[in-house]
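Report on the following structure.
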Amino acid sequence: MKAILTVLRKGLGFALVLTALAPNAFALFADEHAPEIDAGSAASALTLLLGGAALLRDRFRAK
Amino acid sequence: MAAETTQRDAGQPPPATGIPRLACLGGLLAAEFAWLTLDSRARHQFGLLARPSEWAQVTIACAAALVLIGGPRLLVIGRSIVKQSRGHRHWWLPLVGHLIAFGTLLAVLLMGREWAATKGAATGFEALRVGLLLAAVALWIAALAPVGCWWRLMIVEWRSLLAGGAVGVAAWLAGRLTQSFWKPLSRLTFVVVEALLRPIYGSRLESDLAERIVGTPAFHVQIDPACAGYEGIGLVCVFLAAFFWFFRQRLRFPQAWLLWPVGISAIWLSNAVRITALVVLGASYSPAVAMRGFHSQAGWLFFNLVALGLMAAALRLQFFNKNAADRLSRQAVTPAAAYLVPLLTLVAMNMLAAAFSEGFDRFYPLKVLATAAVLWSFRATYRELAWSWSWKAAGTGVVVFVLWLALFRAGAENGTELHSAWSNLSPGWREGWLTFRVLGSVITVPLAEELAFRGYLLRRFIAIDFDRVGYESVPWWAVGLSSLLFGLMHGQWLGGIAAGLAYALVTRFRGRLCDAVVAHATTNALIAVAVVVGDAWWLW
């Protein structure tokens, strides 16, 4: 449980930093320009990324 | 000693734990947050997607830094606050004040902006909005624990608070500083895009370095700083930092640091290729598809290719991976693959289809066929899953359908665009598309999503060897966390979380994944019936 809380705390801190810096580091809100990274597709893209990473981790897991 | 304690406790009422009050305050905060997020008028002005102002960015950055710096003591601090707040008898007073402040804030958000605009009092309106928000937050905190408790906490934790504030402001300033790097990068990106397009269009190519405009007379784009490649570089850096941290035991340092320049170069170059492909697609195929589909999807697709490619190379190559057992123990088919690949195929096909569409999802049949093919390839694994019908699971699906209908009835006008696009298809193609849409919704989507979220994620929280974990033994927090992620993946997050909870609970009840599939398929089948028979296209 402590390990889960640690991961959650780090995830929360990281997410908060991203939220704070998003308008500067990523042009997420520039509706009129359609930026390189579109916030509207983030959920699908991150699902693909994390799922792919989980697969790779499983594939190269030490026995 | 134990006997003394028992005698003393028997003579006095047990001390209040404060849990009901904390639950009440937590529930209230969640409801208010949901209101601000779901109400279209409030969301427009205050929601997650509204552009946060400078002060909000600084506040969030400071809070983030504080969470990270004071992290190891957060649990102790939390327990101390809960303990001290048990004697907080007059907590209802600040709570009433909080409700008044929040109610006034809502009224101001919903009605005040137009009034302020007509009276020329926009600045006063902003100040009022910020003031009411701060008052509501402060009163909620005062209801949580007595003011003296917070004051003592500030005295004890002043170093963390100061450091958090300083790091937060520094992070915000660093973010501002990066803005100045955007222009030179957009120039370099422009030069590469022009060089890639010249062999394709020759003399037809039009370019203006000063304005960063490149393309043909029929279709051209302006490479502004937001398209220069900075976003991808930022994402790759974040991804590599996380990868290095989680795989630090396996990676060979300092060789692994080479992945930074390789990754940054690859993502920047892929952005130039993306813009080149955008121009080619717009000039030679369809400007609408280029702008409405490809532009918003291709960046993520390239980022996924680069990030996962870097990870695969780092784990595969001896140069980066010092753990020889990792490389030698590669398995062709892993247990996780059977549970995850169908959903990943579905998501990847969704993104590809969206990249080559101009709104209407005309490639839906391809998604169904691709997902079905992947499911078929893993059929040997799925045979072991004790498939059976359950009326309780089907009933759960009906309940989720009713809930979904109640939650999203407000968006009933949104389905007209999809319906009119579908109506414009040729007659044969129209029926074919609808058939695949129903089959996908009732068969492939429930299977792919339930295998990934309930079959894999729900149990993966408990153990790496997730396939050995029984569904009945998964703890409640795993049910909640997997449902939260399930909800966030769906556009309708609140309904998604509720549906995820229902499907996870029905799985846990009998310990069978097939119950979640039955429940999910029932919900989707009822939605399909509502669309096809009841013309409720807004549900899709």
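Numbered from 1 within each chain, the chains take letters A, B, ... in sequence-line order. Below, all heavy atoms of this structure are taken into account, side chains as well, without hydrogens, waters or symmetry copies.
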Report task. To the nearest 0.5 Å, tell me how far A:D58 CG sits from B:I464 CD1. Result ->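 With rounding to 0.5 Å, CG (A:D58) is 9.5 Å from CD1 (B:I464).
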Query - From B:R316 atom CZ to A:R59 atom CZ, the distance as rounded to the nearest 0.5 Å - result: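 Output value for this atom pair is 8.5 Å.
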Query raised in the report: Heavy atoms, side chains only, cut-off 4.5 Å: are B:N350 and A:S44 in contact?
Result: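 No, every pair of side-chain atoms sits at 4.5 Å or beyond.
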Requested in this report: Check whether any side-chain heavy atom of B:F303 lies under 4.5 Å from a side-chain heavy atom of A:L49, and answer yes or no.
Outcome: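 Touching, per the 4.5 Å side-chain cut-off.
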Query raised in the report: How would you list, by chain and number, every residue that makes a side-chain contact (heavy atoms from CB on, under 4.5 Å) with B:A354, sequence neighbours excluded?
Result: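 With sequence neighbours excluded, B:A354 shows a side-chain contact (heavy atoms from CB on, under 4.5 Å) to B:Q297, given in chain and number order.
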Query raised in the report: Can you name the nearest heavy-atom pair linking B:L340 to A:A54, along with the distance?
Result: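 For B:L340 and A:A54, the tightest heavy-atom pair comes out as CD1-CB, 4.0 Å.
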Query raised in the report: What closest approach, in Å, do B:R460 and A:R57 show between heavy atoms, and which atom pair accounts for it?
Result: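 Nearest heavy atoms, B:R460 then A:R57: NH2-NH1, 3.7 Å.
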Proximity breakdown for [X] and chain A, heavy-atom pairs closer than 4.5 Å:
X: B:L488; result: backbone
X: B:Y456; result: side chain
X: B:M489; result: both

Query raised in the report: In chain order, what residues pass the ring pair (Phe, Tyr, Trp, His ring centres under 6.0 Å) check against B:F247, with sequence neighbours excluded?
Result: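 Counting only residues at least two positions away or on another chain, B:F247 forms a ring pair (Phe, Tyr, Trp, His ring centres under 6.0 Å) with B:F243.
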Query raised in the report: A:L46, A:L48, A:L56: which one forms the most heavy-atom pairs within less than 4.5 Å of chain B?
Result: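 If we count pairs closer than 4.5 Å to chain B, A:L48 comes out on top.
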